[in-house]
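Data block below; observations after.
Bear in mind the structure is a predicted one, so any value in this text is a computation, not a measurement.
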Amino acid sequence: MPFTALLLILAALLPLASCLTLVAIGRRLATPLAGYVATFCVALSFLCSGWGLLRWLVPASHLGQEYGKSVAPIILTWPWVPIGSHATPNGFLQDHPGWLDMCVYVDSLTIALFVTVTFSAMLVHIFAVRSLRRDPRFTRFFACLSLACFATLALILSGSALQMVILLELVGFAASLMIAFRSDDEAARRAAAKMFVVNRVGDIGLLVGLGILVSYVGSLSLPELWMMLGNAASGAAVVLPNGAAFPPGALTAAGIALFWGAAARCAQFPLHVWAGDAAEGIAPAVATVFAMTLSLAGLYLIARLFPLFTPSARLLIAIVGVTTMTMTALIATAQPDIKKSLAFIAASQLGLMVLGVGVGSWTGAMFHLIAAAFAQTLLFLAAGAVIRAARGETQLSQYGGLFARMPVTAITAALAGLAVCGVGWRGLGLSGYFSRGLILRHTAAFASLAVGSHRSGAYWAFFAFAIFATFIVAFATARWWMLVFAGRPRDRRLYDHAREVPTLLWPLVVFAIMTALAGNWLGIRDMLESAVYESRQAATMQNVPNQPDRGEVVHAFDAVWPAGDAADEGGARDEPVAAATSAALTEGTRRVSDWVWPATALGILCGLLLYFRGDRLAGRLTRIPPVSWLHTWLFYRMYFDELYGSLFVAPVLGLAAGVAWFDRNVIEPIFNRGGQDRRASSPAPNDSRERADENVNANAMTPPVDTTTR
């Protein structure tokens, strides 16, 4: 086994070892030793990931097969689930015919996400050790956090769609446990149950999608799927190696079904309803769910399955992404809770990533996933530090003026907020400036290319709504920061009690540094561009040209936009760019330069002006009838909970009540009457035996007679 793969497998297993240790002897370890054990294991995991990164940058070989950055991925397979005995299922010579393989797949995206997740998890562990030191369920939280880290890392390492779906279930289960680890908190328990139910709704799509793929292809290994179905981007029927055709309609249905399952995990419309409720959990748990585990796993599944999406499926994905991005940003502007507002801002960022996948900005979506992981985690942890300093207060209306009491927290939160807004100018900016700009550039290029192909001008709606959502996100982020840290104190007792805890500060500072550097200094975009090339190489290695009906060309990831200008592309990834594509990218660059920074600046300015005196001016404005109606609609999250309650929850509860009444009033009397009839018709018991039992009982109750002679 290649040493790089061995390091990553060890990095994934270390959190599992931590979880099992805490489950077995966590009560004996108690506080804070249990937290130290979990932190030590995840720190070792980060070191293994970093070592794997260093090894990956230097090309190597294993059994004659080269691997490394911009060379080829590592693919390891083992037979796992038997599905038949054909020598060449569907005419394709698989690694283990008749089996669904267990697969380990390592490329530049795998390495980048391993380093990101383990580094962020290590800092979250350090923050949680201090912030939860007085919690009676201290050990339980770290066991759940370790389980979530293991499931996420194992999913990132997976090279099979079946593995990914199974581990996605484990990630969701661990996320629910983290949100509800305080069993006495009714709101957190209900939020975890809601998240769990929504994920089960998404499971329907996962099962349908996997079933379609297995029935047509007979394999779920990602490189094999990319090789056989990589031409899905053309929209035509895909010809399988046995000469059969995979109908475009069936392939579109499979892609949409798999996206449905992943969308439930990353809070996409219409399965976004758990996002606000999940904020009822503690800050480290919410940060982990939205930035490192559940949401990341959902986006990762979508990214790995990207070559399987037909144009119709990708169009639907783009529509869902831009809808979620805009809708959740609007909801965030009216939320009164410090964590719920951030949760909807995070959901808007996830919508932007999904939009990127839909328009073909694969590199931009993954770039923003890594960049937002640092910024969003920092925002949630800063909110946790504020809540701890405010004795558990979560309402934004009770804060104000905390910059004077918590300056480091305020500065780091401002840096993260600016990164989320995508602040930057002419090549200088925070992480979000580069990742968001790349997605929006490709969105505009997508619309320009569609219009240039004589399609509807409605494709420009993607870019227009994305610009509007950018303005709203900037406004919501500025509102959040101003209500917490600016203005005058609105609760003097809360203000006087607030103070910074030094042990909570340095994780925030480290996250702030990473947020500043992740955009243009850590080489993340270059790693992701390499991942696209390596994935194409993986599909090519699975192709055997001398098989019947197989050619030399493999069309995997053809729909991905180039990440940079023609002058930026170089090395092994040089590819000819069509004139229409080049013109569309140029148009996208111009549109981003003309629209994105004004929208961002205007949103931040509106937030600063409207809330510079706290919520007084905003409160007066929201009392004006048209604005008050809009504010109420957004405050109640567009009434989606009430709508789903009427359409789905109430009928199900009514059906359950009807079944219970039928069972109680119809079924039970029938069986009870039958039992009485059988007892009435049964023969009488044996009288002699009954009398003997009575004599035994009587003798047992009679005291013995003393016959001793005096």
Rounded to the nearest 0.5 Å, how far does CD of Gln376 lie from CE of Met292?
-> 12.0 Å
Measure the CD-OG1 distance between Glu534 and Thr110 for me, rounded to the nearest 0.5 Å.
-> 9.0 Å
Can Glu169 and Arg265 be counted as an ion pair, charged N to O under 4.0 angstrom?
-> yes
Closest non-hydrogen atom pair between Gly356 and Ile439, with its separation = CA-CG2, 3.8 Å
Side chain to side chain contact (heavy atoms under 4.5 Å, CB included), paired with Leu308, selected from Leu222, Val217, Thr252, Leu213 = Leu213
Using the side-chain contact (heavy atoms from CB on, under 4.5 Å) rule, take Met195 and Val289 through it: C-alpha gap first, then chi angles, then the decisive distance, then the call.
-> CA-CA 11 Å; Met195 177 195 299; Val289 168; 4.2 Å; yes
Whether Phe557 and Trp226 hold their rings parallel, tilted or perpendicular, with breakpoints at 30° and 60° = perpendicular
Drop me the distance from Ile256's CD1 to Ile317's CD1, to the nearest 0.5 angstrom.
-> 8.0 Å
Shortest non-hydrogen separation from Ile212 to Ala254 and the atoms involved | CG2-CB, 3.8 Å
Could you check whether the rings of Phe138 and Phe142 sit parallel, tilted or perpendicular, using 30° and 60° as the cut-offs?
-> tilted
Is Ser45 reaching over with its side chain to a backbone N or O of Ala11, donor-acceptor style, under 3.5 angstrom?
-> yes
Reported CG-to-CG distance for the pair Leu528 and Asp107, which is rounded to 0.5 angstrom | 9.5 Å
Could you walk me through whether Asn199 and Leu294 pass side-chain contact (heavy atoms from CB on, under 4.5 Å), step by step?
-> CA-CA 10 Å; Asn199 287 345; Leu294 187 61; 4.2 Å; yes
Hey, does the side chain of Tyr105 reach the backbone of Pro73 with a donor-acceptor pair shorter than 3.5 angstrom?
-> no
Donor-acceptor side-chain pairing of Thr288 and Thr293 below 3.5 angstrom | no
Verdict with reasoning, Asp101 to Trp80, per side-chain contact (heavy atoms from CB on, under 4.5 Å) = CA-CA 5 Å; Asp101 291 344; Trp80 186 23; 5.8 Å; no
Minimum-distance pair of heavy atoms, taken over all atoms of Ala365 and Met353 | CB-O, 3.4 Å
So, does Thr324 use its side chain to make a donor-acceptor pair with the main chain of Phe269 at under 3.5 Å?
-> yes
For Cys103, does its backbone N or O pair with a side-chain atom of Gln163 as donor and acceptor, under 3.5 Å?
-> yes
Rounded distance [0.5 Å steps], SG in Cys41 versus NE2 in His125 | 8.5 Å
Is the CZ atom of Phe40 crowded by more than 12 outside heavy atoms at less than 6.0 Å?
-> no
Measure the acute angle between the ring planes of Tyr216 and Phe246, then classify it against the limits of 30° and 60° as parallel, tilted or perpendicular.
-> parallel
Could you label the plane-to-plane angle of the His442 and Trp561 rings as parallel, tilted or perpendicular, counting under 30° as parallel and over 60° as perpendicular?
-> parallel
Mind listing the closest non-hydrogen atom pair of Ala262 and Leu206 along with its distance?
-> N-CD2, 4.3 Å
Does any donor atom in the side chain of Ser18 or Ser146 lie under 3.5 Å from an acceptor atom in the other side chain?
-> yes
Verify the neighbour count for atom CZ of Arg200: are there more than 12 heavy atoms of other residues, nucleotides or ligands below 6.0 Å?
-> yes
For the atom pair CZ (Phe309) and CG (Leu229), what is the distance rounded to the nearest 0.5 Å?
-> 12.0 Å
Do Phe114 and Trp51 have ring centroids that are under 6.0 Å from one another?
-> no
Atom of Leu350, atom of Cys266 and distance for their closest heavy-atom approach | CD1-O, 3.4 Å
Shortest non-hydrogen contact between Ala161 and Leu210, atoms and distance = CB-CD2, 4.0 Å
Side chain Thr118, main chain Val115, donor-acceptor under 3.5 Å | yes
Criterion side-chain contact (heavy atoms from CB on, under 4.5 Å) on Leu369 and Met366, from CA distance to verdict = CA-CA 5 Å; Leu369 178 64; Met366 294 299 98; 4.1 Å; yes
